[in-house]
Each structure stands twice: as C-alpha cells, then as structure tokens.
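Some notes on the structure that comes next.
Naming convention: chains lettered A, B, ... in sequence-line order (proteins, then strands); numbering from 1 in each chain. Just so it is clear, the values below take in all heavy atoms, side chains as well, and ignore hydrogens, waters and symmetry mates.
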Amino acid sequence: MKFSKLYCPTLKETPKDALVASHQLMMRSGMIRKLAAGIYSYLPLGLKIMRKIECIVREEMNRSGAQEILMPSVIPSELWKETGRWDLYGKELLRLKDRASREFCYGPTHEEVITDIVRNNINSYKQLPMNLYQIQTKFRDEIRPRFGLMRGREFIMKDAYSFHTSESCLEDTFQEMENTYGRIFSRAGLNFKIVEADSGNIGGSGSREFMVTAESGEDAILECDHCQYSANVEVAEKSGGTSEGDRCGRCKKGSLSITRGIEVGHIFKLGDKYSKVMTATVLDDKGNASPIMMGCYGIGIGRTMAAAIEQHHDERGIKWPLSLAPFLVDIILIKAGNPEQMKIGEKIYEDLTKENIDVLLDDRELSPGIKFKDADLIGIPFQLIIGNKTIENQTIELKSRKSGEVQILNLSDIISTIKGVTQ
RNA sequence: CGGGGCGUAGCGCAGCCCGGUAGCGCACCAGUUUUGGGAACUGGUGGUCGCAGGUUCAAAUCCUGUCGCCCCGACCA
C-alpha cells in the first residue's frame, strides 16, 4: 500500500471528547469516526486491525473444533418472549417494529436464536457435543456508552454456544474454551488475567472473565497474594464484602489487592437455563428426552483492539504488537520528490511484498516530520528511512517503534533483516 | 434517570458577562522556495454561531423550549 492512496485521516490534535488513550489514538490515527454516542464507523486502518483480531479468533476457534455460523441480527420478539427476556432485559434491548407492526429486537446476544436452531435440527445425543460461533455486530442500548470502542452501543462480538448431553462434557468444552481464549489473547499480544465473575442477566454458572490489565479498565479485580484466587469485585462483593488489604476469603491466609482491567472475554456455563424453557432436548441412549446442556463464550473484538492500545502506546502513539499491526514496515522517503529515493523505496517495497510482508510506502511529498509523526502515531512496528545518506552510502536506517532502536543497514541486507525481525 | 459541562469553518478554540459588519491557530486550494521529527512566504476557499420560538430598530450574545455530545453516579456477558 502506498500512503498517498491510503484513506487515513490522521489528526494532529486530540478530539476533546476522547478521554482514554485508546479512544484518542484510534481517532487521531484515523482508525475510527463517531456517528452517534457509542456508534462508530471503522475506516480502512481500523477495519484492517479488526480483521486481524477476527482472524486470530477464527483460527483458534476452528482449531478447538468449533464451527462458524452467522445468525440474523434482527430477532422476532416471540423467541425473547419465550424465555421471558423480552420483559426482563429492559431498555438495553433495542426494540423495533416492521411494516406490519410485528415486534423485533436488534440482538444484543443470541442464546434464543441458537437454541431455536438447535432444537429444530438436533434430535440425538449422537449429534453432540457441538460448538457454534459467529462474529457479528451486536447492539446494546447502554445507559452510558463511553471511552470509544471500550463501551460502545454497537460493537462487534464473537459469540459461541456449545451443546452437550452431560455436565462433564460441558465442563470439558468450558476448559477447552478457557485454553482457546488464553491462546487468542496471547497471540494478540495482551497481558491478561482470568478471574471469577458474575454471569449477569444471561444466567448460568462457572463464569470466568478474561481481563486485560489497564489503568483505564472499567472493572476492578481482586487478587490474593497467597492462593490463586482472583475475582471481579462485583462477585467478591456478593460473596461477602471484600476490599483491598482484606484477608482472602478463600485461603484465609493471603491479603487482597486490586488491579483494574478491561473485560475482553467471558465464558460461562448456561446449563439448561435456555434449553429447558425452550424445550431443546435430545434423546439419550435409552430413548429418554433430556434438556441440552449449554455453554456460552464471548469476545469483544473492538474492545480487544482498544485494550491492545491501552497496553501498547506511548505519548507519540500506538505501538502495535506484530500480530495486530496494520502494516509491519513503513518505508519513509525523506524527499519523495527525489527520483533516486523513490526508486530505492519502490524496489524495497516490491521485494518485501514478494516476501508477503505487509508494507506501507510513504510516498507523500510532505515534510519528513509529518511522515515520522504519522508512522509513530499509527504504530507501525518498523520504519525504514530513505534519505540522502541512503543515496550517498548505500545504507538505510531501520527503526523499531517499540524500542526506538536504530540500525544502519546496507541496502543489500534489508530484506533478510526485515524477514528476521518480523517473524 | 440524578448531578455537572459543552454545542461558533474539517479539528482545536476566542467572542457571550456588557446586543451593533463572525474571528484566531491548524487543516484545505493555487503559486514560489523548501525537505532527517507536524516548513516559509504570498494569495485564496470554507460558518443560516445545534435547532425552534420569543424580546429588540438590531441576537452568536438576553429569555423559553428542544435536540445532540461529554463527564461523575446508578447500571452492565
């Protein structure tokens, strides 16, 4: 990609309504734009990173044996009335009417729809277990959307639902999902903690949240310095007033500390909560009908992107991990109008592209400062700088965004060096 | 929903108290000179001052209403 062709409206100044780093930097780097409170458009750069996260999620979900599907986002009210959630869910549920005044909602979550699919198309215990997931736009009419993609009303989520004939089978998949989530967030370059959590109004048990540690996180995590206990403060409070410095209620020995975190994933067991009321049953090997056991596993894709920025940025901009970076290398031409520089830049650009390395060529005829600032802001892991010294000495400068380290390389060594550092 | 704040050019803001030709910086367009960390000069484009009503000879400015956005709280896979 050539920068001159990339639609990437960067901002020199921080929009006044953006308070946290991820929101500010997504706006400034031209990744997203706001349409309404909690509702954003994704511009090319933002979408590209979103797709990278989705790709990691897909690979790991598929590897775990789950299968991808896509359900409708608009759901008839009947299904929600069947489980009682049409009345229980409250104002957070965006309700709509079609031309014939039939009631629908824009799905904030899909237990009803998936359970309906499964009850109509699964009869025997032999067809289970099964794990189905989708990556889809959700809408929750949050009381207070805030911090950009961190808590939006419209957002992209991966939601998975598993189906089993026994508790122990559900437990196996639950464990598998915990491992899968660990792989996903590790690949995305995130530091995270797994904590005990509340399953909220979705219902269920065995609830665990994946928390990316960040000062700006909306959740507080309690951790014991002695045993393995760690939990969202919300649950800890329900199980008997706990706060920082208190004795751990689990092991009775350690003391508790508080960290802040961003909830990027949540897994929990639904049991037969939905299958029972919606009569989703299968016949067991003795011919008896029993409700299907279910598990439910969510990942906020956009929130993961925001969390990655919260963990990887400095005063100049984003420092993407290699796995999420929109481009791995930015070739900066100090003077794009100079044909010699352009020629060298284009050659390296072509060579890197042949090696399947995603590279950006900043061919804009702007002063160098702007290009350096944009490269730092957008967070491309490596900058290759072509200037007069390149012409004079046949050397090129390679700068790491993360460490700031600068290497002077011979032109002939560029490709192999880049291949090495971007592995 | 309670409390607080803000809507003036694409972005950041001043002007409002005390009514009288709508401004500044950046961005954008043209030209010239520039090019290793957001260049310089010259010339230019762009705003029914969120919207509606009221007061007034006259409203960005005063009054009423309304919509939107942000923050704190309650809330929340």
Which residue lies more 5' along RNA chain B, comparing A:G387 with A:E209 via nearest heavy atoms: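 Its nearest nucleotide lies further toward 5', so the answer is A:G387.
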Residue whose nearest RNA chain B nucleotide is more 5′ - A:A37 or A:K335: A:K335
With the side chain of [X] defined as its heavy atoms from C-beta on, choose the nearest nucleotide among [options].
{"X": "A:R28", "options": "B:G73, B:G38, B:G37", "answer": "B:G38"}
{"X": "A:K91", "options": "B:C75, B:C1, B:G37", "answer": "B:C1"}
{"X": "A:P368", "options": "B:C13, B:G36, B:C76", "answer": "B:G36"}
{"X": "A:S367", "options": "B:C69, B:U35, B:G36", "answer": "B:U35"}
{"X": "A:K34", "options": "B:G37, B:C69, B:C71", "answer": "B:C69"}

Flag for A:E60-A:T180: side-chain donor and acceptor within less than 3.5 Å: no
Within the structure shown, what part of the strands sits under 4.0 Å from [X] by heavy-atom distance: base, sugar-phosphate, or nothing?
{"X": "A:E397", "value": "base"}
{"X": "A:I267", "value": "nothing"}
{"X": "A:E142", "value": "nothing"}
{"X": "A:A18", "value": "nothing"}
{"X": "A:K158", "value": "nothing"}
{"X": "A:I385", "value": "base"}
{"X": "A:D374", "value": "base"}
{"X": "A:F147", "value": "sugar-phosphate"}
{"X": "A:K371", "value": "nothing"}
{"X": "A:P9", "value": "nothing"}

Member of A:H313, A:H312, A:E310 meeting the side-chain contact (heavy atoms from CB on, under 4.5 Å) criterion with A:S22: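 The side-chain contact (heavy atoms from CB on, under 4.5 Å) with A:S22 is passed solely by A:E310 among A:H313, A:H312, A:E310.
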Phosphate-side-chain proximity, A:R144 and B:C76, N/O vs OP1/OP2 below 4.0 Å: no
Identified side-chain hydrogen bond (donor to acceptor under 3.5 Å, both in side chains) counterpart of A:D17 within the set A:H23, A:K34, A:Q24: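 Per the side-chain hydrogen bond (donor to acceptor under 3.5 Å, both in side chains) rule, the option paired with A:D17 is A:K34, out of A:H23, A:K34, A:Q24.
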Distance, C1' atom - from B:A27 to B:U64, rounded to whole angstrom: 38 Å
Distance-minimising heavy-atom pair for A:Y161 and A:N131: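 Heavy atoms only, the tightest pair is O-OD1, 3.2 Å.
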Residue pair A:Y181, A:Y297: steps toward the ring pair (Phe, Tyr, Trp, His ring centres under 6.0 Å) verdict: CA-CA 9 Å; A:Y181 274 35; A:Y297 321 93; 7.1 Å; no
